[in-house]
Amino acid sequence: MRFDVITLFPEQFRILSREGVVARALSRGIAELRLWNPRDFAPGPHRRVDDRPYGGGPGMVMLFEPLAAAIAAARAASPKSQVAYLSPQGTRLDQDAINDIAAKPGWILLAGRYEGIDERLLERCIDQEWSIGDYVLSGGELPAMVVMDAAIRLLPGALGHERSAYEDSHMSGLLDCPHFSRPEEIDGLRVPKVLLSGDHGAIARWRRQQALGRTWLKRPDLLAKMTLDQATTLDQATTLDQEAR
Ligand SMILES: CN1CCN(C(=O)c2nonc2N)CC1
């Protein structure tokens, strides 16, 4: 899977290639990342990438021409990729959306800055607009990294234990179950006995019950979204899990 990111701050993306799941996926060729700086596509000696907004008002707007040229160059390099702009006005991303994103061959992510981009880019050059949440950040770089992290970890081979991605929160439509590790007791707080029993069926049932209970208490909206067939799939997965262990 390939990501092309259009950003005025390519250095920010160094963190992705340093350590962790994404860095490992990049080093193994499971995912690719190429960065495009609009300033390299800005004409004239000053290579302007922003200017004042028509109609007045605070801040600056990113200019159409350099971004359109950078998008065209990225499209030429990644012809199978669609273009997505990260912004608070975009479609709010959830795990289902990330699953769909991860199923595509690649994405060109436009990370905006300042007050935003010239609106005509959305009409002429951008295929999708995504938001990572209803709050305003200082730029689109962190949202782009959030999308890359969430999608790349789903790719085959990206995580050590293939099933981990499936068992994570939200993958099954539920919140995650509680996790415990050594020691068995901390300040009178003991690890649930079932987790020490070695009975994998009982452990799987306990974990599913905990996930359902937590979701009911913390995010009942997720349960409302969950269809009966998903719940059945969850049961089947758990049964398969039991048989496999
Ligand atoms: C121009 N720039 C404004 C700030 N921004 C966001 O707040 C954002 N992006 O994706 N989800 C979000 N929330 C990115 C774009």
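Whatever order the structure lists ligands and atoms in, that order sets their numbers, starting from 1. Note that this is a predicted model, so its numbers are computed, not measured.
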Are [X] and [Y] ion-paired here, with the side-chain N under 4.0 Å from a carboxylate O?
X: Glu11; Y: Arg14; result: yes
X: Arg75; Y: Asp127; result: yes
X: Asp176; Y: Arg207; result: no

Donor-acceptor list for residues 181-192 side chains, cut-off 3.5 Å, not counting sequence neighbours:
from   : atom 1 : to     : atom 2 : distance (Å)
Glu185 : OE1    : Arg190 : NH1    : 2.9
Glu185 : OE2    : Gly188 : N      : 3.3

Where does ligand 1 get N/O contacts under 3.5 Å from the protein, atom by atom?
from     : atom 1 : to     : atom 2 : distance (Å)
ligand 1 : 7 (O)  : Tyr135 : O      : 3.4
ligand 1 : 7 (O)  : Leu137 : N      : 2.8
ligand 1 : 9 (N)  : Ser87  : N      : 3.4
ligand 1 : 10 (O) : Ser87  : N      : 3.3
ligand 1 : 11 (N) : Ile132 : N      : 3.0
ligand 1 : 13 (N) : Gly133 : O      : 3.1
ligand 1 : 13 (N) : Tyr135 : O      : 2.8

Residues forming a side-chain hydrogen bond (donor to acceptor under 3.5 Å, both in side chains) with Trp206, sequence neighbours excluded =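 Counting only residues at least two positions away or on another chain, Trp206 forms no side-chain hydrogen bond (donor to acceptor under 3.5 Å, both in side chains).
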Which residues, ordered by chain and number, are linked to Val61 in its hydrophobic cluster, where ILVMFWY side chains connect at heavy-atom gaps below 4.5 Å, directly or through other members?
->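 None; Val61 is a cluster of one.
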